[in-house]
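Data block below; observations after.
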Amino acid sequence: MAALPMLVLLGAATNPPRLVDILSTELDRNVKILKEKGDPPPYFAAYEVTEEQSEALSASGGAVVNRSSNNSRTLDVTVRVGTVQFDNFHRNPRDPAYFTGGIPVSVDNNPDAIKRYLWEETDRVYRASSQRLLRLRTDQETKAKPDDPSGDFSSAEPETKSAPPAKLTFSAATWEPKVKAWSRMFTLYPEILNSRVSVTGQRETKYFVNTEGAKLEFGRQFARVSISARAKHVDGMDLVATETFEGETADRLPKDEIIKAAVDKTASDVIALLKAPETEPFVGPAILSGRASGVFFHEIFGHRIEGHRQKDEGEGQTFTKSVGKSVLPDFLSIVFDPTRHRLANTDLYGWFDYDDEGVKARPVTLVEKGILKTFLLSRSPIQGFPASNGHGRRQAGAEIVSRQSNLIVESSKKVTIKQLRQLLLDEVTKQKKPYGLYFEKVTGGFTTTGRQGLQAFSVMPLIVYRVYADGRPDELVRGVDIVGTPLSSFAKILATSDTQEVFNGFCGAESGSVPVSAISPAILVSEIEVQKRSRSRDLRPLLSRPEGAVK
Amino acid sequence: MKLSLILLTTCLVNAQAPSDDVVLKAMSDELTRSLQIRVPGANPYPPYYIEYGAERTNTFNVSATLGGLVRSSNNQSFTPRLFLRVGSPKLDNTNSVYTDRQVAGGYDGGQWAYDAGYDLIRQQYWLATDRVYKSAVEALNRKTADLKDVNQSEPLNEFAAAKPVVKILPEVVYKVDESKWRSKVVEWSKIFLNYPEILHSTVDFDVVADTAYYVNSEGSKNRIPESAFHLRAKTQTQAADGTTIWDYVAICAEQESALPTDAEIRKALLEVAENTKAMSVAKVGEAYTGPVLFEPRAAAQLLAQVFGHELKTSRAPVLPPGRQFAFPQSEWSSRIGARVLPDFFNVKDVPRKFFPDGKPYLGNYDADLEGLEPEPLSLIEKGVLKTQLYTRQPVRGHEGSNARARFPGEFGAKTAFMSNVEVRVSEAKPLSALKAQLIDLTKQRGKTYGILVRKLDYPSAAGGEERQRVSQLSRSQPGAFQFSLPLLIYKVYPDGREELIRGVRFRNLTWRSLRDVMAASSETNLFSYYATSAPLSAGGGGGYMNGVSIEAPGLLFDELELEQPQSDKPRAPVVPPPPYETSN
C-alpha cells in the first residue's frame, strides 16, 4: 500500500510520537513493575518491531498472476529471566527456546494501540520465559553438565541511532507492462509448461530498544527480479531454469535489455536441458563457478560455524574444537562482512547496520589462510568467545540465533578461468577420467548439522556440463545432485579463479529466512561426487497444447 | 460510497451468455477438448464427466485496534476448481479414500493469472486437467482393487443425474473506496478506548467481490456474481478469577447498501463493549438442571448449529480392506418421516429471498457448486423431517440433488448446506409470556431461578483454549456435536429480575433436546452469518464461506442442563495495562 493515509490520533499540530519512543516508554514501564513484582524478575528485555512495506508483481504468459502490496509491522518481544550465566534461553535440544509470537501491531504510530500490544505480548512472553526457566532448572538437576560451561547472555554496548531507510519509491504499476511482456516471451517455447517473471520492491525498517539503553531505527531496501521456467522431459524428469537479479533499490536493477536477455537465456537453458542426457553417478574433478562455490561454502562451511551450534548438545559440532587449526587449504580465507554493500557493481543481499540484538555490524575473519579463528556469534556466548560479533539474526517472528551475512571467500592461489579449465583437464587426464564437470549455475542447497543423522550437504545444480579432455565440446547434462560430507570436501580444493561472483539469496534455518550473500571465485576440486537426482515418472501432458493457446 | 455491484436482479436470470466472455469461452472450449483425454494403452479410461469452475475474486481487508491501523491489504485471485470422473455413474473414481490424492503434475500449480486471456486460461485448464485426469485414473484403479474382495453392504451409484443449467448473470465490478473504509474501521476501533477494562479489541472489515464461473460436460454454464461485506469486532478481557471473557459482533451483507448505517454499527460495537464489561464482573454460574428460555437471537444461533449439522448428508468412502475411517454423519439421515421437532414447527429453506425493499437475504445463491439452480424446500412439516439437503452424491436412501452443494467436500463430493432457513411455529406467544412461563416453571419445581439465554458464541469468536477444546473434540470424535458456549446468559428470579452469569456451558445438549421445546415466541430474529466448514463455523475451513440466514422464534425448553467446567484459569498479568493517552 504505497499511499496509506496518515491516521494519527493526536491533533494536527502535534507531531506523532516516534515508534522507538513508544517502545522505550512501554518497555521501561513493564520491566520496572516486573522487576518489583515478578517472580522471577527479568534481568533483560528488548522490543524489536520489523516494518515491511512492499509491492510485488508477477506475471505468466503475458498476464498478471499476482499483484500485491503490503504494509505491516511485526513485534518481537524478548524477556530474559534468571542470570546471564543461566537464563530462560539456555539451550536444550529437547525443549527449544521459543517465546516470541511475531504479532502484528499498528502501522501508524498510535501509542494507545501499540502500547496495548506491547503490554499483552510482554505478559505472554514473560510467562513463557518464567515457565521455561523453571523447567530448565529442574532439568539441570537431573542431567549431566554440558561440555560448554559458558553462560547464556553476553554483554554488549548499547547502540543508539536513528537512520530510517529512504522512502520506498518502487511502483509495481510502472513495471507491469515490462513484466507482462517478458513473461509473454516464454510463450514462444511450446515445450515450456510453466514460467513466471516476478518483480518486488521492499523497504524494511527495524525499531529496536532494550533495557540496556539501546535505541535504534535502521533498515534497508531490497529489489528483486526473478525469472523461472519449467518443462518436463519425456522420461518424466522435471526441469527448471531460473535467473534472479537483486539491487538495493529498483534503480540498481539491470537495464531492461539485460533482463530480457536473461529471459531468453532461461528459456534456452530449459530447452537445452530437455535435449541433454541424464547424468550418471560420477566421482571426479570439477570446477564450481563462483556462484556455485558460494553456495557450496554457505552450506558446508557457513552453517557449521554458526556459534550456537558449538554449544548445542544436539549438533554435530564439526568445527567446535578446530579453532587455531587448519580447516581449509592454506590459500583460502573466509570473511563474513555485513558492512559491505557491493562487490564491483553487484549489490549484496547479506548486509545490515545492526543485527537483531542491536549489535553493530562488523567484518569478521572466520578463516585466515586456512586456519579457523572464530565463529559467527550472537549474544549467546560460547567457550572462548564471550562476546557477540554482530551476527544474531532472525526473520520477524522467530528467536534469534547466529546466522550468516555476506560470506566472502578470498584466495591467494588464483589463476584465470582459462587456466583453471586447463587445470581441470590436466586433472581429468591424471585421474584417467573421461571427463570432468563444470557447475555453472546452482539453485541452492541444504545441509544437515544435527548429531542424529548423517553430517552431509547437498547442492542443487541447475546447469552442469561435462568437460571432455579429448577436445569434444562441453556437454550439458541434467538431473545432477552434488553430495558429500563437509570435512572431506575442503581438502580437495586445488585452486581458484581470479574473479569473484555473487550468489544472493534467502537462507532458512531456526531463526527463519534471512537475506544472505555468498561471494566466491570459481574453485577447482580434485574430486566431487554427484548422484542422479530423484525424479518424477509422470508422463508429459497426454493431450497436446490447446490449439491457439499462448504462442 | 459507490460500489458497482449489480446483483441478482430477476430480469437478468437466464440471460444468454455474452459471446465475449473470455473466461467462459476458454473454459468451455478446453473442457470440450479435454473429453478426448485418454491413457495410452488397451484401457483408455475416457472421462465420462468433467466440470470446470473458477472464482475470480477481489478481496480487500482492513484491521484496526484502538484507533491504530494494523493491516490493510487488497488481493486479486483466480481460483480454479476442476473435477473429472472416469468409469461410469455406477462405478467411478469418487467416493474412495484415494479420490482426492493428486498423483501427478504440478505444472498448473501455484497461483493462476487473475487477468489471463483466452489462450492462457485454456493452457492453465489443459495442464490442470492432465493432473486431475491422471489422478482420477489411479484412484479408480485403486478403488477397483479395494472392492475386489469386498461385499459392499449397500452398493450405491456414484453420481446422480441432473439437468444442465445455463445461467449467466453480470460479472462483479470491484469498485471499493478503500481509503474511506480504512478511515471508518480505524474510527470504529476507537470506541473501545472508552473501556479501559477491555484488554484487547479488534475491528476487522473484509470485502470479497467474486464472479463464479462454471461449465460442465453435460452443458451447464453459469456465471454468478457473489459479494460479501463482513465487519467483525471482537473484545477480550479477563475476569478477576482469571477467566477469559469475550464478546463479538459480526455484521454481514451481500451488498454495501445492505450494511447498517454508521450509527447502527457504532451502537452494535458499543453493545459489545458493554457486554464485555458486564460479563467481566458477572458472577460465575453453577450447575443447573431446569427450564431454559432462549430469546430469538440465541434460538436462531442454536437452530443454525443443529440444522447445519443434521440437514447435510454424507457417505462413507470405499476403504482398503481392514482400514477404518471415521467420518461425520448426520443422525437425521435415518429419520426421514420421523419427528425431529415438536409438532408445531415447520421449517423451510428458501435460497432466493428478498426484503420488501429488494435487498437480498444473506443466504441467497443462484447456483450451487454443481451448477444447479436451487428451489425452496420444505424440510420439516409439523415437526416431521421431510427431506435433507442433497448434492449429486447418492447417499443411503436417496439419489438426486436438490441443489444444495454449497461447500467443497471430500472424496469427489460436495457438502450440502442450507441457505435462508425459515422456522415457523403454528402456536406462538409473546416473549413476555414465555418469560412468565419460565418463572412459573421455576416456582413449580421449587427452584430459586430459571435460565435465560440471549446470545451464543456462534459463529465462534472464542480464542485459544476453547477453540483448541472444540477442534480436539472434532478430530477425536468426527461427527460428535459440540454447541457453542452461551455468552449472554442470565438467572431469572421469581420477581423477574435478571442476573448475568458467566463460566457455564450446556451439558448433554443435542438435537433431541429440541423435541422438548414447550413453547415458542411470536417475536422472531433474523440471524445472518457467514458459515465455514470449521467447527462452530469459526474461521478456517479452507477459507470457504457461505452466507446463511435463519429466522427463528424464541424457544422455551422444559429442561436443559448447565455445567461449570473445571479448568484452571490464567493469573492476571503482573503489570497493569497501559493507560490510554487519548479517548474517543
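For the numbers below, each heavy atom of this structure counts, side chains included, while hydrogens, waters and symmetry mates do not. Note on naming: letters A, B, ... go to the chains in the order of the sequence lines (proteins, then strands), and numbering restarts at 1 for each one.
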Against chain A, label [X] side chain, backbone, both or neither, depending on which of its atoms sit under 4.5 Å from a heavy atom there.
X: B:A128; result: neither
X: B:Y133; result: side chain
X: B:I37; result: both
X: B:R38; result: backbone
X: B:I121; result: neither

How close do [X] and [Y] get, heavy atom to heavy atom, and via which atoms?
X: A:V107; Y: B:V70; value: CG1-O, 3.6 Å
X: B:N74; Y: A:S69; value: OD1-OG, 3.8 Å
X: B:P578; Y: A:R29; value: N-NH2, 3.1 Å
X: B:P576; Y: A:I33; value: CD-CD1, 3.8 Å
X: B:E30; Y: A:P546; value: OE1-CB, 3.2 Å
X: B:Q111; Y: A:N66; value: OE1-CB, 3.4 Å

Look up atom [atom1] in [X] and atom [atom2] in [Y], then write down how far apart they are to the nearest 0.5 Å.
X: A:S544; Y: B:R33; atom1: OG; atom2: CZ; answer: 5.0 Å
X: A:L193; Y: B:Q123; atom1: CG; atom2: CD; answer: 7.5 Å
X: A:N70; Y: B:N75; atom1: CG; atom2: CG; answer: 11.5 Å

Check each atom of [X] against the heavy atoms of chain B and say whether the ones under 4.5 Å are side chain, backbone, both or neither.
X: A:V64; result: both
X: A:A231; result: backbone
X: A:S58; result: neither

Do the non-hydrogen side-chain atoms of [X] and [Y] ever get within less than 4.5 Å of each other?
X: B:S72; Y: A:N71; value: no
X: A:K115; Y: B:P579; value: no
X: A:P104; Y: B:R71; value: no
X: B:L127; Y: A:P541; value: yes
X: B:Y580; Y: A:D112; value: yes

Residues, nucleotides or ligands: over 12 heavy atoms within 6.0 Å of B:K569 NZ: yes
Interface residues of residues 116-125 of chain A facing chain B - non-hydrogen atoms under 4.5 Å apart: A:R116, A:Y117, A:W119, A:E120, A:D123
CA sep, side-chain torsions, deciding dist, call: B:E581, A:I22, side chain to side chain contact (heavy atoms under 4.5 Å, CB included): CA-CA 11 Å; B:E581 295 182 12; A:I22 300 171; over 6 Å; no
A:L542 vs B:K134, side chain to side chain contact (heavy atoms under 4.5 Å, CB included): CA-CA, chis, key distance, verdict: CA-CA 9 Å; A:L542 296 166; B:K134 287 169 180 167; 4.0 Å; yes
